[in-house]
Amino acid sequence: MKVVASRQVTYSEISPSEFFYRNRDLAGFSNPARALYTSVRELVENSLDACEQFQILPEITVRIEQSPEGTRSGDQLAYVLTIEDNGPGIEARHLPNAFGRVFYGSKYKLKQSRGMFGMGGTMAILYAQITTNKPVTISSSFDGRTRHILDMLIDIQENKPIILRHETEAANGKTGTTVRLTLMGDYLRAMQKIQDYFKQTAVVTPYAQITFIDPDGNTITYERATTVCPAPPMETLPHPHGIDVEALRRLLKQTNEPNLVKFMTTNFHRVGEKTAEKFLEFAHFDKLAKPKSLTNEEAVHFVNALHQFDGFLAPDASCLSPLGEEIMEAGIMKELQPEFIAKSIRPPSAYSGFPFIVEVGLAYGGKVIQPGIKLLRFANRIPLLYDEANDVAFKVINEEIDWRRYKIPQDSPLALITHVCSTKVPYKTVGKEYLADRPEIERELKNAVRDVLRKLSVYLSKKGSMEFVKKKMNIYGKYLPLIARFSAGLAKVDRLPNYKSLLKGEEEVSPEPTSVEAWEGFEEMMTMTSGKQIEAQTEAKIDSQAIGRSVPAEAQSSVKNEILGKHNNDDNNEPKGKDDVIGNHRRLNVSHDSERTKKGRKTEISERGKQQSLEEFDNGS
């Protein structure tokens, strides 16, 4: 008897909360250490977004403390995470759903925002509930008069909040939100990432004051470095190149415009009547046709034509809120304290119809940056700390940049800060840890990095020249006293020449003029010697022992008379210039016929002069 297998298949539906409960790794809650870090990051980003939207200088306090129950599971401990901000608060009617429903929030608009999926804060609460089964406490004041306090859980199967307690109290004029939850985590392994997150957040948000209190009670405060807050990003319309069929169907369903021209100018970014008419002519649509009359086939043809038409203007970046040079420099100086900063802000560009701006900063030297090239990645002001090797910025720096042409050693104390802001950042995962290598973003990153590296190369070249000057002046400072003593000995005077004036302003003098000025000053000092002193020097130098080795005996008398005659027969008694003095010494061997004897005599006198100067210097000192 055959047994026939049942072909019955059971189908069921799960809620978004259920999906992420089963797949929490996708949202960055893969292990206790990373879950604790991600919870801190998601809730802090919500606070920063809320403050910036209303132009409030953020003041955020983050506290991590061990749970009083002391619950432990292996290396995990139960921690109480509390995050408090001075933001605008949340209206009471939105408060339960804002934290108790996955995919519910204010981020589902086409504008720049740290959050994109409307689930980060809710996922932190969901993870805390899964690991400790304790309710989250949320308090918020929107109007400054009343503060609403909720204790709640999440109904995972239904994706809705379960309110356990709702109370109110006087807000005393203060607005803001406080979230307090208990979760299992591993702070010892998460500590470094959490501290790096706060430090890097302080780099791109120097207008915020962040206070972090760790489980040991240690307080770290990242002080505000500027009161300049970036302009809040604006909501914008979709660009025609970024429209797909589903988006078009939604727009057609919602519109009440009488014709396609009005439909395009109302619903698309930077599309005027003339541009709309040119497109409709290009796509072979009647400009007076009603939008709701388009069939499915016509809608597909409409979208394909949108992607092929080249007459649309590029997306306008006025809806974006980049850091800007002032804020970027303030953050870098406060946290990295480098000796050199370079910045490059690229012009607005777009990928798939979404505008974006690339900003790159460079910090070199100082006491904070360690040797080696360090990459700090940001997207919409979010520090990206995980999966660096998969990020497009890592690819650009390690594969697209030829570091040899900039003459920058690989062990230089160097930090590169890359920031991409966009209405839609191309993250590869829901965890928002690294960017996809879109060709448009890769090109802008490469150009910006090259720009700051060129500036650093110029700085290092100037710095090397100044070090060369300093080294040369140190050499002058070592040997000029020797030359001065030697000159005073030749002149038989007690007072040394004023050689110290040649060493003044060594920090401002460039290499070439310094050496010339120093030598000319020395020669000028030599020419101040009187005719009788020169005669005495000549008598002392031309003795029988020195000339006997290189000049024949019969030539000594004529040479001596020739030199002395140059001074004694001077009718005008004019002091001899430096060229005359040097020329007299060079003419000592004019009467000698042998070139070999001439060279030997010069070498002998030079060596005797050096030896005498060293002996006089040693005796004098």
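Note that the OG1 atom of Thr82 and the CD1 atom of Ile213 stand 9.5 Å from one another [nearest 0.5 Å]. Distance check: His269 NE2 to Thr236 OG1 gives 4.5 Å after rounding to the nearest 0.5 Å. Atom CG of Leu126 sits about 10.5 Å away from atom OG of Ser39, to the nearest 0.5 Å. Put simply, CG on Asn390 and CG on Leu435 are 11.0 Å apart, with the number rounded to the nearest 0.5 Å. To the nearest 0.5 Å, atom CG of residue Leu260 and atom NZ of residue Lys287 are 11.5 Å apart. With rounding to the nearest 0.5 angstrom, the CD atom of Gln200 is 5.0 Å from the CG atom of Leu385.
Taking a 6.0 Å sphere around CD of Glu326, one finds it holds 12 or fewer heavy atoms contributed by other residues, nucleotides or ligands. Heavy atoms of other residues, nucleotides or ligands lying less than 6.0 angstrom from CZ of Arg189 number 12 at most. Sparse packing is recorded around CE of Met234, with 12 or fewer heavy atoms of other residues, nucleotides or ligands lying under 6.0 Å away. The environment of CD in Glu281 is sparse: at most 12 heavy-atom neighbours from other residues, nucleotides or ligands sit within 6.0 Å. Heavy-atom neighbours of Lys193 NZ from other residues, nucleotides or ligands within 6.0 Å: above the threshold of 12. Around the CD atom of Glu273, the shell of radius 6.0 Å holds no more than 12 heavy atoms that belong to other residues, nucleotides or ligands.
A tilted orientation is assigned to the rings of His94 and Tyr104, their planes being inclined by 30° to 60°. Between Tyr79 and Tyr187, the ring planes are tilted. Angles from 30° to 60° get that label. Aromatic ring pairs are classed by plane angle as parallel below 30°, tilted from 30° to 60° and perpendicular above 60°; the pair Phe312 and Phe309 is perpendicular.
The shortest heavy-atom contact between Ile90 and Ser140 is N-OG, 2.9 Å. Of all the heavy atoms in Pro32 and Tyr127, the pair that sits closest is CA-OH, 3.9 Å. Between Leu252 and Pro291 the shortest heavy-atom distance is CD2-O, 3.5 Å. Minimum heavy-atom separation, Leu323 to Val204: CD2-O, 3.3 Å. Minimum heavy-atom separation, Ala436 to Lys428: CA-CE, 3.5 Å. Contact between Ser422 and Asn380 at its shortest, heavy atoms only, is N-OD1, 3.0 Å.
Under a 3.5 Å cut-off, the side chain of Glu359 and the backbone N or O of Gly324 do form a donor-acceptor pair. Asp85 places no side-chain N or O within donor-acceptor distance of the main-chain N or O of Ile60, the cut-off being under 3.5 Å. A donor-acceptor distance shorter than 3.5 angstrom exists from the side chain of Ser412 to the backbone of Pro409, with no hydrogens or angles considered. For Asp214 (side chain) and Asp216 (main-chain N/O), a donor-acceptor pair under 3.5 Å exists by modelled atom type. The main-chain N or O of Pro230 is found under 3.5 Å from a side-chain atom of Gln55 such that the two form a donor-acceptor pair. The closest donor-acceptor contact from the side chain of Arg270 to the backbone of His239 lies at 3.5 Å or more, if one exists at all. Using modelled atom types, no side-chain atom of Thr255 and backbone atom of Leu251 make a donor-acceptor pair closer than 3.5 Å. The backbone N or O of Leu57 sits less than 3.5 Å from a side-chain atom of Asn86, completing a donor-acceptor pair. Between the Thr265 side chain and the Val261 main chain, a donor and an acceptor come within less than 3.5 Å of each other. Listed for the Asn267 side chain is a donor-acceptor partner under 3.5 Å among the backbone atoms of Phe263.
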Inset, instruction - Step by step, work out the side chain to side chain contact (heavy atoms under 4.5 Å, CB included) result for Thr275 and Leu313. - result: CA-CA 9 Å; Thr275 303; Leu313 296 175; 5.6 Å; no
Legend entry - Pair Asn447-Val358, side chain to side chain contact (heavy atoms under 4.5 Å, CB included): steps then yes or no: CA-CA 10 Å; Asn447 290 334; Val358 168; over 6 Å; no
Legend entry - Residue pair Arg377, Thr418: steps toward the side chain to side chain contact (heavy atoms under 4.5 Å, CB included) verdict: CA-CA 5 Å; Arg377 301 171 294 128; Thr418 64; 4.0 Å; yes
Inset, instruction - Report the C-alpha separation of Val458 and Lys462 in whole Å, then their side-chain angles, then the decisive distance to 0.1 Å, and conclude whether the side chain to side chain contact (heavy atoms under 4.5 Å, CB included) test is met. - result: CA-CA 6 Å; Val458 172; Lys462 292 181 178 179; 3.9 Å; yes
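Contact of the Leu414 side chain with the Leu456 side chain is registered, since non-hydrogen atoms from C-beta on lie closer than 4.5 Å. Between Val360 and Asp451 the shortest side-chain heavy-atom distance does not fall below 4.5 Å. For the pair Leu48/Val44, a side-chain contact is recorded, criterion being any heavy-atom separation below 4.5 Å from C-beta on. Between Ile220 and Phe198, the closest side-chain pair of non-hydrogen atoms is not below 4.5 Å. Pro383 has its side chain out of reach of Asp196: every pair of non-hydrogen atoms, C-beta onward, lies at least 4.5 Å apart. By the 4.5 Å heavy-atom criterion applied to side chains, Tyr222 and Thr201 are not counted as neighbours. Side-chain contact check for Phe268 versus Ile243: some heavy-atom pair is nearer than 4.5 Å. For the pair His307 and Pro240, the minimum side-chain heavy-atom distance is 4.5 Å or more.
Applying the salt bridge (Lys or Arg N to Asp or Glu O under 4.0 Å) test to every pair with at least one member in residues 222-232, sequence neighbours left out, gives these pairs: Glu59-Arg224. Residue pairs that meet the salt bridge (Lys or Arg N to Asp or Glu O under 4.0 Å) test with at least one member in residues 37-51, sequence neighbours left out, are Arg41-Glu45, Arg41-Glu433, Glu42-Lys432, Glu45-Lys432, Asp49-Lys107, Asp49-Arg114. Applying the salt bridge (Lys or Arg N to Asp or Glu O under 4.0 Å) test to pairs two or more places apart or on separate chains, those with a residue in residues 331-346 are Lys199-Glu335, Glu329-Lys343, Glu339-Lys463, Arg346-Glu444.
Side-chain N/O atoms of Ser321 and Arg381 include a donor and acceptor closer than 3.5 Å.
Checked for salt-bridge contact, Glu246 and Arg250 meet the test: a charged N lies under 4.0 Å from a carboxylate O.
Tyr434 has its ring centre no less than 6.0 Å from the ring centre of Phe394.
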